[in-house]
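Working notes for the structure below.
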Amino acid sequence: MIRKLLVANRGEIARRIFATCRALGVTTVAVHSDADADAPFVAEADLAVRLPGNTPAETYLRIDLVLDAARRAGADAVHPGYGFLAENADFAAAVTDAGLTWVGPPAKAIAAMGDKMAAKALLADAGVPMLPTWTEADQVTGFPVLVKAAAGGGGRGMRVVRDAAGLAEAVAGARREAAAAFGDGTVFIERYVERGRHVEVQIFGDTHGTVVALGVRDCSIQRRHQKIVEEAPGVLPPEVRERLHEAAVAAGRAVDYVGAGTVEFLLAPNGEVHFLEMNTRLQVEHPVTEAVTGWDLVRLQLLVAEGEPLPLTATPPADGHAIEVRLCAEHPAQGFRPATGILHRFTIPGVAGEFTPTKGLRLDSGVVDGSAVSVHYDSMLAKLVAWAPTRAEAARALAGALARAELHGVATNRDLLVRVLRSREFGAAEADTSFLERHEEVFAPLLAADQLPLVALAAALAGAAGRRAAAPVLAGLPSGWRNVPAFPQVTRFAGPDGEIEVRYRLDRTGTLADWSVSPAAASTDQDGPAPDVVVVEAAPDRVVLDVDGTRRAFRVHRVGAEVFVDGPDGAASLTELPRFPLPTAELAAGSLLAPLPGAVTRVHVEVGQRVTAGDLLLTLEAMKLEHPVLAPTDGVVAELPVPAGGQVDTGAVLAVVTEEDPR
């Protein structure tokens, strides 16, 4: 039996595995980089071993360091989680060669499925349906196509190409991204199916010859080919579901599969099923399968690794419906580029359980209040899962919990997820992989622009209440009391779309006499009359306003100059500006700044070169993704201060584009 398990991964999946281990009485061992030294998963492990360095290549991808950590901690088994080394056949072999129990499929099965081209050939012989596939650009016979990485997953390296002109650059870009993410730049090309649905089957095998399907998940809601919403069971005709189960089990038997795995398919609008790939690991979305089957998949992994037979031999019936969303640190207003920083507050109401099968709302999170979101790893913060007797109830509960969550300090994709869950097309189970491309409205923030003045007023009132509460003298006077009451109080904020100026006046009793909100640079107030507002309560952390006869409560959280406001219609982050700002250095006109720390991987232009708006200037790699830096206007490249390979911090000047050549 396994007594001491090392998890060769980080974040929420490490915490997820530790939770089952605690229930089974298995001692846990974490490995961690320097950047993760204070992470929750490290604190929760019974033992933790440092891997010196920060980047995955220095730490979590080092097989020698991970095995040495297992030896030093006295572990007798290794679980790879997902990502990093989870689908590395060499790692699986090294673990077993070291005399340790490997909690995963055999190295031979990983190798067979890890080479996606070889896997397609193998499974085609087993009768699994395939899409047309090519290994070289000059072999392609029709468009559109999808360029994919041969190793790894998670959408890394994927590019949709609609004509021959863009194929060469797409292949080159996919190779660079795949090499950076997986250490293998091999790519292939397959036919792209428009309006297809991405569905997958959870399978499990044991060492006694059993391979069973645990149901179908639908993962069609994707951005940049990365899943962000998953559900089980997938809403499918019974005959399609049965076909998927049969094809997935056939794939597992073709490689003598053992442990947890996922066989992924593309379901075409005409009902045809096409194999995409097989992931030889536990998937990010496994909690929805756990929710509707009741089985703890990590427990099953451990039992199978110990040589026990699976306790089930047929597909279990689905109980109710479960939907999962991936909550990620991303900037919605900046093309959803990854976000970094300190997560000052991470609170989601109504959570019934964490990390193991739960009825109701389940949270699998890699972060807590105060966690640092680093540039070194991917942007996923947590997975939130809702189970309910029906699909509609699960979607409503999940959207409601997300909308009420307090997520402060790091930008997230929360508003996008809520709008997707509340959309008509998702509610009707009609969404496909192009859903986000067709529905620009779901990218709008939950907080409408006409509600921002009330949020800013609440922030200003809470700030005044906080200063009043902290006042060393005359604390009994109303906030803003003056001998000349006609003079308003003024607070300026940096908001989501620029500066905001709040002006309000309290009478001698503390009652709000009048108020207005406007852009600080404007000479007029907001369009139309301000609504009639009565201040019901104004405390440093809570403001209640009666707006035209309807009470609205705002939760306010202040960290330094940052003010986070959560209200009934959405949330906003504001930064209070000083009354007398200090002078700052002025950037050269046309400066393009680094949006986050990273490395410049390629410089595509030269100083003095004329460019047009949208031209690719350079490529920045951060958080395991490539971020193109484009020319904002027509002009001439005046400066390129960072060479290829150079490291930059947030705000560093990457390039300067001017109207005329300064030389």
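Being a predicted model, the structure only gives us computed values, none of them experimental. Side chains are part of it too, since the values below use all heavy atoms of this structure and drop only hydrogens, waters and symmetry mates.
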Worked check of salt bridge (Lys or Arg N to Asp or Glu O under 4.0 Å) between Arg391 and Asp218: CA-CA 12 Å; Arg391 183 176 186 271; Asp218 191 316; over 6 Å; no
So, do [X] and [Y] sit near enough that their side-chain heavy atoms are less than 4.5 Å apart?
| X | Y | answer |
| --- | --- | --- |
| Tyr60 | Ser33 | yes |
| Pro311 | Leu300 | yes |
| Ile13 | Ile17 | yes |
| Leu310 | Val304 | yes |

Flag, side chain of [X] to backbone of [Y], donor-acceptor distance under 3.5 Å:
| X | Y | answer |
| --- | --- | --- |
| Glu562 | Gly409 | no |
| Glu58 | Thr55 | yes |
| Glu393 | Ala388 | no |
| Asp76 | Arg3 | yes |
| Arg404 | Gly400 | yes |
| Thr358 | Thr356 | yes |
| Arg558 | Asp541 | no |
| Asp206 | Gly209 | yes |
| Lys383 | Val284 | yes |

Partners passing salt bridge (charged side-chain N to carboxylate O under 4.0 Å, His left out) against Arg326 (at least two apart in sequence or in another chain): Glu230, Glu285
We want to know whether [X] and [Y] form a side-chain donor-acceptor pair, criterion being a heavy-atom distance below 3.5 angstrom.
| X | Y | answer |
| --- | --- | --- |
| Thr289 | Arg217 | yes |
| Thr20 | Asp296 | yes |
| Thr262 | Asn279 | no |
| His79 | Asn9 | no |
| Glu264 | Gln283 | yes |
| His286 | Gln202 | no |

Rounded distance (nearest 0.5 Å) linking atom CD1 of Ile203 with atom CG of Leu214: 10.0 Å
Between the NE2 atom in His344 and the OG atom in Ser573, the distance rounded to the nearest 0.5 Å is 8.5 Å
Do the two ring centres, one from Phe91 and one from Trp102, sit under 6.0 Å apart? yes
Qualifying residue for salt bridge (charged side-chain N to carboxylate O under 4.0 Å, His left out) with Arg16, from Glu44, Glu290, Glu354: Glu290
Around atom CG of Asp38, are there more than 12 heavy atoms from other residues, nucleotides or ligands closer than 6.0 Å? no
So does Lys227 pair up with Glu200, basic N to acidic O under 4.0 Å? yes
So does Asp415 pair up with Arg419, basic N to acidic O under 4.0 Å? no
By the definition side-chain contact (heavy atoms from CB on, under 4.5 Å), identify the one residue from [options] that meets it with [X].
| X | options | answer |
| --- | --- | --- |
| Val325 | Leu416, Ile228, Leu398 | Leu398 |
| Leu384 | Ile348, Leu417, Asp364 | Ile348 |
| Val103 | Val95, Val7, Leu5 | Leu5 |

Run the numbers on Arg10 and Asp36 for salt bridge (Lys or Arg N to Asp or Glu O under 4.0 Å), then give the verdict. CA-CA 8 Å; Arg10 62 180 300 278; Asp36 279 337; 2.6 Å; yes
Ring-plane angle category for His557 and Phe564, please: parallel below 30°, perpendicular beyond 60°, tilted otherwise. tilted
Might you work through the salt bridge (Lys or Arg N to Asp or Glu O under 4.0 Å) test for Arg555 and Glu406, ending with a clear yes or no? CA-CA 9 Å; Arg555 304 184 302 279; Glu406 296 181 20; 2.6 Å; yes
Determine, step by step, whether Asp46 and Thr28 satisfy the side chain to side chain donor-acceptor pair (under 3.5 Å) criterion, reporting the C-alpha distance in whole Å, the side-chain angles of both residues, the deciding distance to 0.1 Å, and the verdict. CA-CA 5 Å; Asp46 296 310; Thr28 56; 3.1 Å; yes
